[in-house]
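Here's the structure, in structure tokens; my notes come after.
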Amino acid sequence: MKTFCGRANPTTGAMEWLEEDENYDYHQEIARSRYADMLHDKDRNVKYYQGIRAAVSRVKERGEKAIVLDIGTGTGLLSMMAASAGADFCYAIEVFKPMANAAVKIVEKNGFHDKIKVINKHSTEVTVGPDGDMQCRANILVTELFDTELIGEGALPTYEHAHKYLVQEGCEAVPHRATVYVQLVESKRMWSWNKLFPVHVEVDDGEKIIVSPSEMENCPGVPSVCDIQLNQMPSSDFSILSDVVTMFSVDFSKPVRSASTYYKVQLEPVKSGKAQIVLSWWDIDMDPSGMINCTMAPYWVKSTSAFQWRDHWMQCVYFLPNEEPVLQGEKVYLTACRDEYSVWYKLQKARGEEENKADVHVESPVCRCQAHLLWNRPRFGELNDENRTRQYITSLMKVLKTDSVCLCISDGSLLPLLAHYLGAKQTVCYFFFQFFKANHLEDKIKIIEARPESLTSSHLEDKKISVLVGEPFFTTSLLPWHNLYFWYARTAVTSHLTSNVTVLPRSASLHMMIVEFQDLWRIRSPCGTCEGFDVQTMDDMIKNSLNFRESKEAEPHPLWEYPCKSLSDPQEVLTFDFRKTVPQHCLSTEGSINLLRKGKSHGAVLWMEYHLAADISISTGLMQISNEKGNCEWNPHCKQAVYFFSSVIESEAVSGLSSAVTYAINFNTKTGEIAMDFKL
Ligand code: SAH
């Protein structure tokens with residue numbers, strides 16, 4: 001059996017269906033999964049173990065047999081904890097076949113095969129009875145089905161079903177309860193991920209302002225959760241408007257309802273300001289007393305010093321449909337609406353109770369302005385980056401003349417508007433929606449409805465392009481170099497360019513640096529044993545999946561969320577000259593990079609820089625190395641490519657004795673992909 005996987009081709013920008021080995025999907029799933037991260041989450045593991053022990057004891061004290069249902073067993077970890085704690089029998093349910101197989105092996109290896117039955121089914125397919133999967137209903141329900149938003153992985157319908165069909169009334173549940181907390185904040189930085197701010201362009205005859213369509217003003221955006229490592233957001237980037245309040249909680253030991261509903265709380269702002277963002281996180285109490293608590297609270301809320309880094313559970317940023325000025329002490333109502341899988345928020349001023357009641361609509365948000373469909377949150381942030389816009393404006397001013405015919409190739413870009421205001425005689429571009437209308441430019445900027453490869457002179461009214469611009473940015477790009485599609489598009493339109501065409505950016509370069517991660521290394525690091533249980537089978541499985549592709553691949557990560565320090569200087573490794581067409585041959589380089597600082601080399605980070613003008617470059621990666629310790633500051637709008645080394649070396653870096661990493665990097669011009677190899 002073959003699997004077809006959709007992927008954007010970086011040389012054409014088009015989606016293609018590639019035939020992959022039947023195992024491709026699950027290798028991807030395992031290799032990129034968060035199992036390793038969960039197993040490294042000591043705080044979570046310890047608390048689950050405590051909660052499970054307490055639940056088994058309570059059942060035993062009542063003189064009952066302890067029958068455990070573990071939904072989503074993964075490696076079998078929680079069932080093994082239960083069995084060690086004295087449970088009489090565990091039903092370990094796992095829907096994902098490769099994981100269920102791994103669980104069988106792990107359970108066997110740890111000597112629990114007579115106490116734990118692994119069932120490879122979705123929990124809603126599990127049967128109970130003498131001939132069923134389970135002999136009888138369980139009296140202990142153990143699960144770990146939560147995502148950053150708590151309910152996004154379907155915990156509610158799974159619990160609802162389990163209480164109806166799989167567990168006894170009055171069962172013990174680990175966790176016992178989850179509670180969702182919120183805090184209202186004002187934050188220009190986070191708000192810039194959701195709305196386009198007016199763009200000011202200084203021109204000869206005054207100032208032009210690019211505005212967004214009015215539909216965007218009150219647009220509720222898209223329902224997908226915005227989950228981030230909130231602990232990387234400095235307190236100077238937001239202003240707290242309310243105390244932390246409990247929004248809702250779910251008692252997992254009682255029947256759970258998954259149907260859409262809403263929860264409303266009254267808030268008294270502690271400060272006046274613009275309510276824009278609801279920050280949210282949850283905690284779980286492993287037992288009814290609340291003594292065993294595992295919390296995702298961010299740094300300014302959490303009192304404990306024992307801080308656990310984790311990537312499988314982070315914090316949520318919710319955008320209110322529109323910003324609302326609030327006054328200190330003046331009551332407001334915050335409503336959390338949820339369906340089975342997601343949560344969204346509304347804020348209302350305290351008015352008559354009746355009016356407030358009538359105001360609650362539980363429908364999930366739908367983007368009305370199109371922009372939230374076109375731009376994801378980091379892209380909004382990038383377009384709102386005034387510094388970046390200024391660099392494009394300065395560069396465009398250098399190259400545009402009154403007779404310039406300008407073609408813009410980039411997705412959802414503001415460059416056509418900038419080029420128009422900065423004096424291009426004619427601007428054509430591939431795509432842009434209501435923005436032209438909102439800015440009365442519908443008949444000033446021409447949209448071409450053909451891909452670069454099929455551009456004809458009639459699209460250009462027989463004119464030649466004298467200025468070709470791009471950010472470059474394409475929504476289908478996963479890794480930094482996929483935006484080199486600009487180069488392929490430039491090559492495709494060559495016959496429509498004047499002989500002395502200006503291409504902006506004129507070139508790009510690929511940069512690389514060796515880093516030590518503070519925490520991100522965990523997601524690719526073997527676990528060995530977890531709370532005394534041997535989970536090496538899982539490590540081997542992840543390793544096998546990572547090696548599944550012949551050449552190991554770099555993976556995208558937004559490094560502003562994942563602190564690291566540089567162990568080497570940043571190094572330019574390849575350059576791409578956009579003034580020329582894409583060459584037929586591959587571009588390769590080999591070399592070595594010195595390790596200058598003491599530390600663990602976890603991997604290489606790679607990013608692109610675009611050279612807009614002689615003295616203006618834009619980095620999509622490193623912004624600066626902020627101190628002598630090597631702490632890095634990364635572009636906050638972009639993902640960088642991370643290549644994890646298969647083994648970690650510890651460098652001493654005494655002067656003169658520095659070690660080096662050798663590399664070979666190959667840009668395949670036929671596929672647009674970069675392969676790399678490192679030797680430590
Ligand atoms: N319990 C493990 C793994 C948790 S990850 C641990 O704590 O380490 C959640 C697992 O649940 C995933 O492997 C997923 O495939 C599985 N899963 C989610 N919902 C499920 C359901 N309703 N029935 C069976 N498996 C489910």
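In each ligand, atom 1 is the first atom listed, and ligand 1 is the first ligand listed.
Residue-ligand proximity: Y35 is placed with a non-hydrogen atom under 4.0 Å from ligand 1. Using a non-hydrogen distance threshold of 4.0 Å, R44 registers as a contact of ligand 1. Note on ligand 1: H161 sits outside its first shell, no heavy atom being nearer than 4.0 Å.
Note on ring orientation: taking the six-membered ring where Trp is involved, the planes of F678 and F645 are tilted (angle from 30° to 60°).
One side chain, H482 or E673, offers a donor N or O that lies under 3.5 Å from an acceptor on the other. T143 and Y159 are linked by a side-chain donor-acceptor pair at a separation below 3.5 angstrom, with hydrogens and angles left out of the test. Counting only N and O atoms by type, the side chains of Q229 and D311 include a donor and acceptor under 3.5 Å apart. Side-chain polar atoms of T295 and N293 form no donor-acceptor pair below 3.5 angstrom.
Shown in contact with S123 at under 4.0 Å from a heavy atom are these atoms of ligand 1, numbered in order with element: 21 (C), 22 (N), 23 (N), 24 (C). Listed by number with element, the atoms of ligand 1 under 4.0 angstrom from any heavy atom of G74 are 3 (C).
Contacts with ligand 1 closer than 4.0 Å are made by side-chain heavy atoms of M38 only, the backbone lying farther away.
Considering backbone and side-chain N/O atoms, L39 never comes within less than 3.5 Å of an N/O atom of ligand 1.
Counting only heavy atoms of the protein, atom 9 (C) of ligand 1 lies nearest to E144 O, 3.4 Å.
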